[in-house]
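Note sheet for the following structure.
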Amino acid sequence: MKTIYSDKDAKVYLFENTNEPNHPSDGMVKAALRDFLSRVPLDCKKPVTLHWNKSDTSTYAVVAVSSKEVGVDIEYMKERPYEKISRRYFHNFEVTDDKEIFYDLWTRKEAWTKKKKGKIAENMKEFMYTPTASRRIEKYHGQFIPLIELPPNCVGYLCI
């Protein structure tokens, strides 16, 4: 378990080699919650509020833990028919055949959907991003934090 993002409200943990036999995948969330709680000052007069979310791809997984509602997504960037998929799932202004743009949008949309506990199929068409719309994203969808310490060819976002 490696911390790849941390601030006062949230922490994201990376787990690698999740496909190996005997990998403690059942304990990933517990380990992340335990580590996050170990740094929270406890007040016996009020309960601790925790939110968590998990995403996995290929042989990697991330777990986000926060004192606020949180969503996280990671994807291993493999070749796909990006334009065809984006035409089916994205807003018309977001259709792309560019691999990096496609995965950037997909992981943002999925992290946001997980944060609001929605259904992926119902939220992918929501317009979220063009280079001139970055302020709109945070105003309506929350703060997106790119996960920059991911393994090669992986992309991901935390939404808080």
Side-chain angles (χ1 to χ4, degrees), residues 1-20 23 25 28-29 31-33 35-36 50-160:
M1 176 171 84
K2 173 184 171 187
T3 301
I4 59 169
Y5 175 81
S6 182
D7 70 13
K8 67 180 181 67
D9 295 317
K11 209 166 180 182
V12 179
Y13 304 88
L14 173 68
F15 297 85
E16 299 183 85
N17 305 316
T18 58
N19 63 331
E20 289 182 357
H23 185 275
S25 57
M28 289 187 294
V29 173
L33 289 168
D35 183 76
F36 186 83
L50 286 180
H51 301 274
W52 65 272
N53 196 253
K54 178 183 164 201
S55 179
D56 54 33
T57 188
S58 183
T59 62
Y60 308 103
V62 290
V63 176
V65 183
S66 179
S67 56
K68 299 177 178 181
E69 292 285 336
V70 65
V72 68
D73 187 47
I74 60 167
E75 295 289 338
Y76 181 80
M77 295 191 298
K78 58 185 177 185
E79 292 304 319
R80 297 175 180 230
Y82 306 114
E83 185 172 353
K84 182 179 177 182
I85 297 170
S86 63
R87 281 194 190 288
R88 180 174 178 191
Y89 291 105
F90 293 173
H91 188 279
N92 292 338
F93 294 140
E94 297 170 327
V95 173
T96 184
D97 62 353
D98 183 274
K99 180 180 183 177
E100 281 77 23
I101 293 172
F102 173 84
Y103 279 108
D104 185 79
L105 278 165
W106 187 277
T107 54
R108 283 177 190 247
K109 287 172 180 272
E110 194 163 331
W112 171 69
T113 299
K114 288 175 161 186
K115 176 188 170 195
K116 68 180 219 155
K117 296 176 177 48
K119 294 185 178 179
I120 302 273
E122 295 173 3
N123 291 287
M124 291 306 253
K125 286 274 187 196
E126 176 83 17
F127 176 71
M128 291 188 84
Y129 183 75
T130 63
T132 58
S134 60
R135 287 193 180 138
R136 181 175 193 259
I137 292 171
E138 290 195 9
K139 182 176 179 185
Y140 297 105
H141 301 298
Q143 181 182 6
F144 288 92
I145 300 161
L147 301 176
I148 56 175
E149 291 188 43
L150 291 173
N153 219 30
C154 286
V155 65
Y157 275 92
L158 171 68
C159 182
I160 54 176

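What you see below is based on every heavy atom in this structure, not just the backbone, and it leaves out hydrogens, waters and symmetry mates. Given the structure is predicted, the values throughout are model-derived calculations rather than measurements.
Qualifying side chain to side chain contact (heavy atoms under 4.5 Å, CB included) partners for Asp35, counting only residues two or more places apart in sequence or in other chains: Met1, Lys11, Tyr13, Ser38. Residues passing the side chain to side chain contact (heavy atoms under 4.5 Å, CB included) test with Glu79 are Tyr82, Lys99, sequence neighbours excluded. In this structure, the side chain to side chain contact (heavy atoms under 4.5 Å, CB included) partners of Lys119, at least two apart in sequence or on a different chain, are Glu122. Ser55 pairs by the side-chain hydrogen bond (donor to acceptor under 3.5 Å, both in side chains) definition with Asp73, not counting sequence neighbours. Applying the side chain to side chain contact (heavy atoms under 4.5 Å, CB included) test to Thr113 and every residue at least two apart in sequence or in another chain returns Ile120, Asn123. Arg80 meets the salt bridge (Lys or Arg N to Asp or Glu O under 4.0 Å) test with no other residue; sequence neighbours excluded. For Glu75, there are no side-chain hydrogen bond (donor to acceptor under 3.5 Å, both in side chains) partners, not counting sequence neighbours. Shown here are the side-chain hydrogen bond (donor to acceptor under 3.5 Å, both in side chains) partners of Tyr89, two or more places apart in sequence or in another chain: there are none. Applying the ring-ring contact (aromatic ring centres under 6.0 Å, His included) criterion to His91, with sequence neighbours excluded, gives Phe93, Phe127. Residues satisfying the salt bridge (Lys or Arg N to Asp or Glu O under 4.0 Å) test with Glu83, not counting sequence neighbours, are Arg87.
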Would you give me the side-chain donor-acceptor pairs under 3.5 Å for residues 145-156, sequence neighbours excluded?
{"unit_1": "Asn153", "atom_1": "ND2", "unit_2": "Met77", "atom_2": "O", "d": "2.7"}

*Do Tyr157 and Asp104 pass the side chain to side chain contact (heavy atoms under 4.5 Å, CB included) test, and can you show the C-alpha distance, the side-chain angles, and the key distance before you say yes or no?*
CA-CA 8 Å; Tyr157 275 92; Asp104 185 79; 2.5 Å; yes
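Interatomic distance, Lys8 NZ to Ser67 OG, rounded to the nearest 0.5 Å: 7.0 Å. From Phe90, atom CZ reaches atom CD1 of Ile101 across 10.5 Å, with rounding to the nearest 0.5 Å. Rounding to the nearest 0.5 Å places CD1 of Ile85 at 4.5 Å from CZ of Phe102.
Applying the salt bridge (charged side-chain N to carboxylate O under 4.0 Å, His left out) test to every pair with at least one member in residues 59-71, sequence neighbours left out, gives these pairs: Asp9-Lys68, Glu69-Lys117.
Residues Val70 and Val65 fail the side-chain proximity criterion, which asks for heavy atoms closer than 4.5 Å.
A salt bridge links Glu94 with Lys109: the distance from a Lys NZ or Arg NE/NH1/NH2 to an Asp or Glu carboxylate oxygen falls below 4.0 Å.
Within a 6.0 Å sphere centred on NZ of Lys84, other residues, nucleotides and ligands contribute 12 heavy atoms or fewer.
Between Val12 and Ala64 the shortest heavy-atom distance is CG2-CB, 4.0 Å.
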